[in-house]
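Just below is one structure, and these are the notes that go with it.
Note that the structure is predicted; figures quoted are calculated from it, not measured. A note on names: the letters A, B, ... follow the listed sequences, proteins ahead of strands, and every chain is numbered from 1.
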There are 2 protein chains.
Amino acid sequence: MELRNVLVVDPVDGEYVANVRVSGRKIESVEMSQGSPSGLLIPGFVDVHTHGAAGVNSMSMEAGDLEKWERFLYAHGVTFFIPTTVSAGTDEMLRATGIVSDYIKDRPATSVRGIHYEGPYINTRKKGAQNPETIRPSTLNELHGVITDDVMIVTMAPEVEGFFEALEFLKKRDIVVSMGHTDSSFSLIKHAFEAGCDRMTHYPNGMNTLHHREIGCVGAGMILPLKLEMIVDGVHSAPEFINLVYRVKGADSIILVTDSIDATGLSEGLYDLGGLSVTVRGSKATLDDGTIAGSTLVFDDGVRNFRKWTGCSLSELAKVSSYNSLIDLGVRNRGRVKEGYIADLVIMDSEMHVRETILSGKSVFKN
Amino acid sequence: MELRNVLVVDPVDGEYVANVRVSGRKIESVEMSQGSPSGLLIPGFVDVHTHGAAGVNSMSMEAGDLEKWERFLYAHGVTFFIPTTVSAGTDEMLRATGIVSDYIKDRPATSVRGIHYEGPYINTRKKGAQNPETIRPSTLNELHGVITDDVMIVTMAPEVEGFFEALEFLKKRDIVVSMGHTDSSFSLIKHAFEAGCDRMTHYPNGMNTLHHREIGCVGAGMILPLKLEMIVDGVHSAPEFINLVYRVKGADSIILVTDSIDATGLSEGLYDLGGLSVTVRGSKATLDDGTIAGSTLVFDDGVRNFRKWTGCSLSELAKVSSYNSLIDLGVRNRGRVKEGYIADLVIMDSEMHVRETILSGKSVFKN
């Protein structure tokens, strides 16, 4: 496959016009050219926090559903995603993980890359739209049972019993621990950071906010070198807040996620999130009491929003939409438009709409 | 007067060793030298928000008290200060202004430079330690009565009736309007900024805090190019908050103030603030309900705190402790260690303690 005169957007090398040759699963060559660019070529998007889309729900999906889910995401430029659970019993956690693992095993190329446990080891005071009945402290015994090779991220609250033992256990297995659904003080977050936890889940949602005499989780996210997942839908945070975080942290520390639920891409109505009833109206998904319950955001909308609200460069956009997330997970062969990298790519038009999605060197979506 | 081999700290030219010659009221020459510096020479501190010190209270002072007040401040490096009123009736406002004006008129050189009206045109919901009985909207009629040539700053809330007319009225007279004691939305603050109000009073105290869906006053202070007064005593804001604001805004937008009350420099006990009873214990001054009521901070402590909590350079310290404040007020002949500037200077030791204070070329304090 040869892509001639595309505006290459690389998170490290920046933006330049080039001819890009793909051979097999990989990018074979990227050669600067003089032509006027016919489109924009950016690394495929990475969504490490998504509960579902197109009617598929990570907690209730069947074996065949993941194909439907990934096909839906191709249309939005996503070439790497991690189905995310909500707080649940160990059986349900293992059921979701099992389906993901079987699916990955059976396929030579897929955008499904592992699983993210969002809870249940979180703080009920900051439960958001998670079912409080299944929220609990972690134990090493339970972790031994639920942590499989395909678990990539676990979202936990540092103030909940067992956090620091779990952190040690998970770090040894190269699993990312992310602080979320937490009511921690600044000093506890700092302590967790010093113990090796350097990431926050859907910042600043599901955590205490900034106060000038106790800067808390939101302040910690700003002044400590933590990487921050952000849902850039204009619902979870105001555009001005996104702008503020971009100014404070820069593009290197922000990881775009959707936190999308099964209703994403479907019509308005009533849906289910881990046993809780969710109403979707417009771009907002809420519980009966008004609590925001995940999003119906599609990844490319988040990308366009981020660009509009921050004025960032295209190459910064590549950082927040894939590169940062992959580096955080220790993935080194994806996330760049560069010789030798896996050809997970999106071709976009000048308005940043997806024209074509390429997974492992093969076109999987064309508009 | 000649100061040989001092480490000059200039807000613009930075830090270098020099011989500084003062002649009359002015700095005659600053010549780089090779010697090892015997002390640090920084522009005299500017405190544009102080209600009193050493037992003197801006609302109850007598003609002779200003001398006592300024002498107390010399020991803390202050060579320019603006007595600040609290919300009160027009008679009391004019009484304070009259005393200040008479004092200035009578003296060839003084650190008393004008008056700051903090209120009464503020929001009762964010009154802090101001007496709600005297808080009211502004009218042009009232402003015509209370605005004299020596009024330099008026703190007002943009959401209170009359703000925008007052802003226009005051701007025409080159009087600085500062937003404070306010519960404004982000969009109203932005509107006020666009109308020409670019400053906030004792940020982030006396204003609504940051929320990620309505970033409010605190968010506005962070993302709009507003200059921010800050009380850096560790009581009004945590050190981490000061650090955060420094990172977000940089040193060019921060104006150190003390907001000190008459109890400053005196022992613990009961004091009066505009008719409200204030208890001073340790470094904290509070009303009976626990509301923080001004500070007992001395300026040089604030300077040292700021340096410790932000790690800023000495030249940035010169910005936040005098230069920014003076530029904001339109004062162009003070605030630098440079030929031709008024010789308002502080000599400090390497630990940033005041050794000598020079006002208009004359030594007024020596330790």
Select one option (side chain, backbone, both, neither) describing which atoms of A/Val245 are under 4.5 Å from chain B's heavy atoms.
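Contact with chain B: none, neither part.
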From [X] atom [atom1] to [Y] atom [atom2], the distance as rounded to the nearest 0.5 Å:
X: B/Ile215; Y: A/Ile242; atom1: CD1; atom2: CD1; answer: 10.5 Å
X: B/Phe241; Y: A/Glu214; atom1: CZ; atom2: CD; answer: 12.5 Å
X: B/Ile223; Y: A/Glu240; atom1: CD1; atom2: CD; answer: 5.5 Å
X: B/Arg247; Y: A/Met222; atom1: CZ; atom2: CE; answer: 11.5 Å

Worked verdict on A/Leu210 versus B/His212 for side chain to side chain contact (heavy atoms under 4.5 Å, CB included):
CA-CA 9 Å; A/Leu210 182 80; B/His212 44 279; over 6 Å; no
If I compare all heavy atoms of A/Arg213 with all of B/His236, which pair ends up nearest, and what's the gap?
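Result for this residue pair: NH1-O, 3.2 Å.
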Would you say NZ of B/Lys127 has more than 12 non-hydrogen atoms from neighbouring residues, nucleotides or ligands within 6.0 angstrom?
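Not buried by this count: 12 neighbours or fewer within 6.0 Å.
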So which of A/Ser237, A/Gly219, A/Gly234 has the biggest tally of heavy-atom pairs under 4.5 Å with chain B?
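Max contact count across the listed options: A/Ser237.
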Do you know which of B/Thr209, B/Asn205, B/Leu244, B/Val235 has the most heavy-atom pairs under 4.5 Å to chain A?
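Option with the greatest count: B/Leu244.
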Non-hydrogen side-chain atoms of A/His211 and B/Val218 separated by less than 4.5 Å
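Answer no - side chains too far apart.
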